[in-house]
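What you see is a predicted model, and the numbers here were worked out from it, not measured in a lab. Only heavy atoms go into these numbers, but all of them, side chains included; no hydrogens, no water, no symmetry mates. In each ligand, atom 1 is the first atom listed, and ligand 1 is the first ligand listed.
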Amino acid sequence: MSVLEELNGRSGNACELCGATSELNVYEVPPVSTGGIDGSILACATCIGQVENPETTDANHWRCLNDSMWSEYDAVKVVAWRMLSRLKSEGWPKDLLDMMYLEDDALQWAKATGEGLSEDEKIIHRDVNGVILQNGDSVVLVKDLKIKGSSQVAKQGTAVRRISLDRENAEYIEGKVGPTLTVIITKYVKKI
Ligand SMILES: [Zn+2]
């Protein structure tokens with residue numbers, strides 16, 4: 001069965017956000033890492049269009065989240081959380097957001113696109129798998145790394161403890177490889 005067919009079955013052929021029954025399509029909830037039915041929702045063209053184009057967001061359309069935020073599916077809850085976060089200055093979305101409950105994994109997924117954050121908070125560091133990195137995390141190198149300014153190479157598999165994030169650039173972190181403090185590219189590390 002295709003993902004579309006599975007989602008049609010799961011949703012009863014209706015938009016999982018607003019309940020519309022026409023122009024339905026698969027929306028893969030970014031960042032897409034799992035894919036498949038667990039990483040996707042069935043949504044109508046109106047919902048998908050507004051999710052993807054924040055400037056076209058019509059707050060009233062999203063009153064539907066009043067119901068769909070209680071979905072049993074994480075992918076639906078994640079999109080609901082993001083839209084409520086985007087709209088929270090309207091007041092009522094903030095109230096709904098406060099009532100929502102997401103498990104830690106789902107909440108981290110919901111936050112992964114930076115929705116609802118101000119521009120300067122949007123610099124999000126992610127490892128090779130898309131997992132969010134924070135100051136003080138430990139990572140392991142997934143690729144050999146040349147240490148800048150030396151002939152040293154840190155081997156793949158080397159652990160780097162207590163990293164710090166580059167506040168200006170989401171692609172860089174800093175950490176000590178042996179005694180040397182060096183800049184590391186986030187896509188070459190995996191959080192441990
Ligand atoms: Zn819809």
Side-chain angles (χ1 to χ4, degrees), residues 1-134 170-171 186-187 190-191:
M1 231 183 347
S2 70
V3 173
L4 178 62
E5 286 166 334
E6 284 186 74
L7 286 174
N8 275 326
R10 177 173 94 180
S11 65
N13 300 298
C15 174
E16 290 183 284
L17 297 169
C18 76
T21 53
S22 60
E23 292 190 274
L24 300 173
N25 223 320
V26 177
Y27 174 68
E28 290 191 341
V29 182
V32 182
S33 49
T34 51
I37 184 165
D38 291 333
S40 307
I41 64 172
L42 189 71
C44 71
T46 305
C47 284
I48 295 176
Q50 294 192 26
V51 166
E52 290 183 336
N53 302 290
E55 66 284 359
T56 66
T57 309
D58 167 18
N60 270 330
H61 175 73
W62 297 99
R63 298 260 178 194
C64 59
L65 295 177
N66 213 341
D67 294 320
S68 46
M69 65 183 254
W70 304 107
S71 167
E72 62 184 290
Y73 304 108
D74 279 348
V76 179
K77 287 199 278 193
V78 163
V79 178
W81 187 95
R82 287 180 188 164
M83 292 312 292
L84 291 172
S85 298
R86 185 187 293 177
L87 294 164
K88 65 185 173 201
S89 62
E90 300 276 326
W92 61 265
K94 172 88 173 65
D95 296 338
L96 295 184
L97 208 50
D98 289 344
M99 282 192 281
M100 254 190 117
Y101 177 75
L102 276 78
E103 299 284 345
D104 284 350
D105 285 357
L107 189 59
Q108 207 179 36
W109 181 13
K111 288 180 175 173
T113 56
E115 191 73 71
L117 298 178
S118 60
E119 282 305 317
D120 58 333
E121 290 173 307
K122 267 190 188 170
I123 297 175
I124 296 172
H125 296 69
R126 293 208 194 85
D127 76 358
V128 64
N129 295 320
V131 175
I132 293 178
L133 298 170
Q134 280 166 340
E171 284 170 28
T186 49
K187 69 179 175 206
K190 190 172 122 211
K191 184 170 164 166

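With Arg10 contributing its side chain and Tyr73 its backbone, the two residues share no donor-acceptor pair below 3.5 Å.
Not a single N/O/S atom of Cys64, whether from backbone or side chain, sits less than 2.8 Å from the Zn ion (ligand 1). Under 2.8 Å from the Zn ion (ligand 1) lies an N/O/S atom of Cys15, whether from backbone or side chain.
The angle Cys18:SG - the Zn ion (ligand 1) - Cys44:SG amounts to 100°, with values rounded to 10 degrees.
Counting non-hydrogen atoms of other residues, nucleotides and ligands closer than 6.0 Å to CD of Gln108 gives a total above 12. More than 12 heavy-atom neighbours from other residues, nucleotides or ligands sit within 6.0 angstrom of CD on Glu90. In the displayed structure, Lys111 atom NZ is contacted under 6.0 Å by at most 12 heavy atoms of other residues, nucleotides or ligands.
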